[in-house]
Each structure stands twice: as C-alpha cells, then as structure tokens.
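My questions all concern the structure below.
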Amino acid sequence: MNLNRPSFEDEFGGSYLIVEPGNFNRGDEVGSGHPNELPVQPVSIKEPFFLGVRPVTQAHWSSVMGNNPSKFQEGWSAGLRPVESISYQNVGEFLERLNQDKSEFIGFLGQWRLPTEAEWEYAAKAGTSTRWSFGDKDAELDAHGWHAGNSGATTREVGSKKVNPWGFYDMHGLVYELTSTPWQPSHGTDSQTNIPSQFVVAKGGSWFTESDSTRSSSRRKVAIHEEKDGVGLRLVWEPIEPLN
C-alpha cells in the first residue's frame, strides 16, 4: 500500500490515513494462536476508510467528553497516553458527540465510528501473514509495542514505538482497542443470525498482556459495560458524500 496516500488531521491532533479496499486472510495463519482465531477466512474490504494513526488519547477524550476516566493520568505527558477505563457504551456517547455535526475532510462529509474486527485486523496485518506485522520473532516486539515485558506496568505515550508497514502505530500492545463487531467464539460463527450484543471484540493486546496477545490475529471478548485500564479505542472516519 502506498504510504503517500490521502490523510488528514482533526482538531484534537489526531492523524488519519486512508485504508484502501483489498483482500486478506482473517485469523491465525501461522498456527500458533488460539482456537477462537480460526478458521482462517478470506475477507474482502470493499470500501475505503480512514483509520487513526494512533489510539485516541486522554487529551482527545477529555476535550470531547469533559472528563478523563483513565487510570494512568500522572505526569506532564499523560494527555498523550491512550484513554482507557472506558466501556463500549462510553464510546457510543463519545461517537455521538463527535457526530453531532457532520465532519468535513478532504472534500467529503463523513462520520466517526469504531472499526470492525475485520477492518482492524486488515490494517494491523498490513499485507503480512506473520504473527505480527514485523515478523514472527518475539524478540523484535519491544521495538514495535508496549506489553507486559517492557511497559513498566503502565500505559505509555501513543506513537512512541515503530510504525507498521501501512503507517499505523501501537497496533501491537499498549491498549486493547474496541471494535464494533459482536463477539463470537470463532470466525466460523459470524454468519449466525441472533448475535448476542452484550460482548464485543477487542484487538491488539495491552500494556499488561504477554506478547502472544499482541499478535495481529489475537482477539479478546469484552462486555459492553466493562471499564478496564487496558482497553481503549482507535477511530475510523468514513467518508459518506462529496461536498457540494
């Protein structure tokens, strides 16, 4: 994917890069993952979307919501750490506020939302089929993400590790990122009709998880009311219609 591709910044200092349509295999392609990452399925991303280059920060959340629920607020740079201790329900209110007025970027009207599980994993894998977007070696993870082995039992500033091949930071570790996809115990059950909505999929691992949880295909079940200090979010901006 071309890194010289459309992007924009919002009023809160967030940067967003376009993710172009394409095909990928969702799930554990290496054979070392959890059964809930199976079966490996071909997925087609049919529409472009803009994904946050970094997770949503405490400063961004506070500016919109007027409060900061995060556990890790100490230090002058806390505003640049990811917001955490938020629930899926809290995120719904955050998105509602962001979408009160239609946003305008790059000549389009659009709306803010969470990524789906497939969109998130597509951007995290960034054209790779390895355990992480940088390869299969645990020893290289420290350069790319914050996890239990290097975080010092706290979150860190967003964007302070190496970027992935498509230009996104912190896809491996730091905080789990909520998606809009209801939880199912495997990829093969997505087609069920009566999908329970009390749990959603979170992706990416966090500052307190071991390296295995930070793999691109790893996934976690999160109740929609849970507020955990290892769970945050990354925004999608979806263009809807051209400006007149």
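Below, all heavy atoms of this structure are taken into account, side chains as well, without hydrogens, waters or symmetry copies.
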Answer with yes or no whether the side chains of T130 and R215 bring together a donor and an acceptor at under 3.5 Å. no
With a cut-off of under 6.0 Å to the ring centre and 45° to the axis, is R219 in cation-pi contact with W183? yes
Could K221 and F199 be counted as a cation-pi pair, given that NZ or CZ must be under 6.0 Å from the ring centre and within 45° of the axis?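 Yes, K221 sits over the ring of F199.
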D10: which residues meet the side-chain hydrogen bond (donor to acceptor under 3.5 Å, both in side chains) condition with it, sequence neighbours left out?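 For D10 the side-chain hydrogen bond (donor to acceptor under 3.5 Å, both in side chains) partners, ignoring immediate neighbours, are Y16.
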Taking only residues two or more places apart in sequence or in another chain, which ones pass salt bridge (charged side-chain N to carboxylate O under 4.0 Å, His left out) with K161? none
Pick out which of S133, S211, S218 makes a side chain to side chain donor-acceptor pair (under 3.5 Å) with H172. S133
Give the intermediate values and the outcome of ring-ring contact (aromatic ring centres under 6.0 Å, His included) for residues W166 and Y122. CA-CA 10 Å; W166 284 1; Y122 178 57; 5.0 Å; yes
I'd like a table of donor-acceptor pairs (distance under 3.5 Å, sequence neighbours excluded) in which one partner is a side-chain atom from residues 140-147, with atom names and distances.
{"unit_1": "D142", "atom_1": "OD1", "unit_2": "H147", "atom_2": "NE2", "d": "2.6"}
{"unit_1": "D142", "atom_1": "OD1", "unit_2": "N150", "atom_2": "ND2", "d": "3.4"}
{"unit_1": "W146", "atom_1": "NE1", "unit_2": "S160", "atom_2": "OG", "d": "3.2"}
{"unit_1": "H147", "atom_1": "ND1", "unit_2": "G149", "atom_2": "N", "d": "3.1"}

Are R81 and T57 side-chain neighbours, meaning at least one heavy-atom pair lies under 4.5 Å?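 A side-chain contact under 4.5 Å is absent here.
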Taking atom types as modelled, find out whether E227 and S85 have a side-chain donor-acceptor pair closer than 3.5 angstrom.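 The answer is no; no qualifying pair exists.
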Residues that P69 engages under side-chain contact (heavy atoms from CB on, under 4.5 Å), provided they are two or more places apart: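 Expected list: W61, N67, V83, I86.
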For H60, all residues meeting ring-ring contact (aromatic ring centres under 6.0 Å, His included), sequence neighbours excluded: F12, F94
According to salt bridge (charged side-chain N to carboxylate O under 4.0 Å, His left out), who are the partners of E177, at least two apart in sequence or on a separate chain?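 E177 satisfies salt bridge (charged side-chain N to carboxylate O under 4.0 Å, His left out) with R234 once adjacent residues are dropped.
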